[in-house]
Student: 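Before anything else, here's the structure in question.
Index from 1, following the sequence.
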Amino acid sequence: SSPLGRATLGDQLRRHSQSRYSKPAIVSYAPGGRRTVTTYGALNQDANRASHMFLGLGVSRGDRVAVMARNRVESIVAYYGALKIGAVYSGINVLFGPNEVAQQIGHLEPAVVVVAAEFLPVLEEALAGLGTRPEIIVLDSTDEFGGHCFDQLLESSSPTEPDCDVDEHDLAMIVYTSGTEAAPKGVMLPHRNYLVSTAPAYTWGLRCLDDDVWLYVMPFHTIAGIGSLTSLLLLGATLVLPASLAPADALHMIKTEQITV
C-alpha cells in the first residue's frame with residue numbers, strides 16, 4: 001500500500017521526523033552517567049537503516065524479529081526497523097534461562113535475533129537444542145563473538161525510507177505473557193490496535209501529551225514496556241531511559257530532564 005494516507009506505526013514515526021525533527025524522542029543514560037539524546041529525526045533515520053539491514057538479511061513481511069536486551073535505544077531502532085518492512089517484533093525476557101529462551105524461539109520461529117553481547121551465551125545455549133538457527137545480530141559486538149555486528153550493519157545501511165508494502169492490519173508485535181500459571185503465550189497485536197484504540201486512550205484517558213517527559217523503566221519485552229513506548233512515541237512524547245534507579249540518580253534525572261511522569 002502507498003505510504004500516502006497509509007496508517008502504520010512506522011508511518012507515524014516518519015511523520016514525526018518531518019514535523020518535529022529536532023525534538024528529543026529518547027534520552028538515554030549509560031552506566032557512569034553519560035547522557036545521549038536521540039531526536040525523532042535521528043530515530044527515524046536509524047530505524048530506516050535497521051529496515052535495510054533486515055532486508056539485507058532476507059527478512060520480509062510477516063517474518064519475526066526477536067530482541068533480547070535491556071532497555072536501550074538500539075532495541076527501539078530494531079523495533080521500528082522491523083515494523084517499517086512489515087516484520088513482527090517480539091522481545092525476550094533478559095531474565096530467562098536457556099530453556100525459557102528456547103521455548104519462546106521455538107514457538108516464535110524468528111528470522112533474526114538481535115541480542116546484547118551479555119546475553120549471547122544464554123541465547124547460544126538455547127539455540128543448541130533447536131533444529132533451526134536464525135540470523136544473529138549482536139549489540140556491543142567484538143571479535144570474540146560470532147554473528148553480525150549491529151553497529152557495523154546499521155552504519156553501512158541506507159537511511160532512506162524502505163519501499164515496502166505494509167498495512168495497518170499487519171502484525172506489529174507478538175508479546176509473550178508472564179507465564180504465571182502456565183507457559184508464556186504469544187499475544188498477537190496489529191498496528192491498528194495502537195492507532196485506533198490504545199494510543200488515543202493515552203490522550204483522553206490518561207491526559208498524556210506530546211510535551212510529557214517519562215522516566216521510563218518498564219522492560220521492553222512486556223506489553224507495558226513495548227506497548228506504552230509505542231503509544232507515547234505515537235503522541236510525540238519524550239522517554240528517558242535510565243541506567244540506574246538509585247534514589248540519587250532518579251532524583252537527578254527528575255530534576256535535570258524535567259520529568260512529568
Student: One thing to verify: whether D167 and R61 come together as a salt bridge, which I'm taking to mean a side-chain N less than 4.0 angstrom from a carboxylate O.
Tutor: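 Salt bridge between R61 and D167, a charged N being under 4.0 Å from a carboxylate O: no.
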
Student: Would you call M53 and S157 a side-chain contact if the rule is heavy atoms closer than 4.5 Å?
Tutor: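 Side chain of M53 against side chain of S157, heavy atoms only: contact under 4.5 Å found.
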
Student: Could you name each residue pair satisfying salt bridge (charged side-chain N to carboxylate O under 4.0 Å, His left out) that touches residues 126-138, not counting sequence neighbours?
Tutor: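 Checked against salt bridge (charged side-chain N to carboxylate O under 4.0 Å, His left out) - neighbours excluded - the pairs reaching residues 126-138 are E124-R133.
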
Student: Taking only residues two or more places apart in sequence, or in another chain, which ones meet S156 in a side chain to side chain contact (heavy atoms under 4.5 Å, CB included)?
Tutor: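 Not a single residue meets the side chain to side chain contact (heavy atoms under 4.5 Å, CB included) criterion with S156.
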
Student: Of all residues at least two apart in sequence or in a different chain, which pass the side chain to side chain contact (heavy atoms under 4.5 Å, CB included) check with A243?
Tutor: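 For A243, the residues satisfying side chain to side chain contact (heavy atoms under 4.5 Å, CB included) (neighbours in sequence not counted) are P31.
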
Student: What pairs of residues pass the ring pair (Phe, Tyr, Trp, His ring centres under 6.0 Å) test when at least one of them lies in residues 90-130, not counting sequence neighbours?
Tutor: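 Checked against ring pair (Phe, Tyr, Trp, His ring centres under 6.0 Å) - neighbours excluded - the pairs reaching residues 90-130 are H107-Y176.
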
Student: Tracing side-chain links under 4.5 Å among I, L, V, M, F, W and Y, which residues wind up in one group with L215?
Tutor: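 Hydrophobic cluster check, L215: joined to V27, Y29, V37, V213, V217, V240, L245, M253, I254, I259.
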
Student: Please identify each residue that fulfils side chain to side chain contact (heavy atoms under 4.5 Å, CB included) with S158, with sequence neighbours left out.
Tutor: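 H52, T160.
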
Student: Tell me, which pairs form a ring pair (Phe, Tyr, Trp, His ring centres under 6.0 Å) where one or both residues lie in residues 231-254, sequence neighbours left out?
Tutor: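 Found none.
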
Student: Among residues two or more places apart or on two chains, list those pairs meeting ring pair (Phe, Tyr, Trp, His ring centres under 6.0 Å) that have a residue in residues 65-94.
Tutor: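 Every pair satisfying ring pair (Phe, Tyr, Trp, His ring centres under 6.0 Å) with a residue in residues 65-94: Y79-Y89.
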
Student: Distance only, no hydrogens: is a donor on one side chain within 3.5 Å (strictly under) of an acceptor on the other, for D63 and S60?
Tutor: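 D63 vs S60: donor-acceptor pair found between side chains.
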
Student: Nearest heavy-atom pair of V175 and I223: which atoms, and what distance?
Tutor: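 Closest approach of V175 to I223, heavy atoms only: CG1-N, 3.5 Å.
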
Student: Salt-bridge test for R70 and E118: reply yes if a basic N is under 4.0 Å from a carboxylate O, no otherwise.
Tutor: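 Between E118 and R70 there is a salt bridge, with a charged N closer than 4.0 Å to a carboxylate O.
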
Student: Can you list the residues that meet the side chain to side chain contact (heavy atoms under 4.5 Å, CB included) rule with T38, with sequence neighbours excluded?
Tutor: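 For T38 the side chain to side chain contact (heavy atoms under 4.5 Å, CB included) partners, ignoring immediate neighbours, are I26, A42, L43, V73.
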
Student: For residues 84-96, pull every pair meeting salt bridge (charged side-chain N to carboxylate O under 4.0 Å, His left out), keeping only residues two or more places apart or in separate chains.
Tutor: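 Counting only pairs at least two positions apart or across chains, the salt bridge (charged side-chain N to carboxylate O under 4.0 Å, His left out) contacts touching residues 84-96 are K84-E161.
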
Student: Is it true that the side chains of R34 and T36 contain a donor and an acceptor less than 3.5 Å apart?
Tutor: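 The answer is yes; a qualifying pair exists.
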
Student: Do P134 and I136 have side chains that approach each other closer than 4.5 Å (heavy atoms only, starting at C-beta)?
Tutor: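 Touching, per the 4.5 Å side-chain cut-off.
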
Student: Please name all residues satisfying salt bridge (charged side-chain N to carboxylate O under 4.0 Å, His left out) with D151, sequence neighbours left out, ordered by chain then number.
Tutor: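 For D151, no residue satisfies salt bridge (charged side-chain N to carboxylate O under 4.0 Å, His left out) once neighbours in sequence are set aside.
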
Student: Is there side-chain contact between C164 and L55, with at least one heavy-atom pair below 4.5 Å?
Tutor: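 Contact flag for C164/L55 side chains = yes.
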
Student: Does anything in residues 207-226 form a ring pair (Phe, Tyr, Trp, His ring centres under 6.0 Å)? List the pairs, not counting sequence neighbours.
Tutor: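 Sorted result for residues 207-226: empty, none.
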
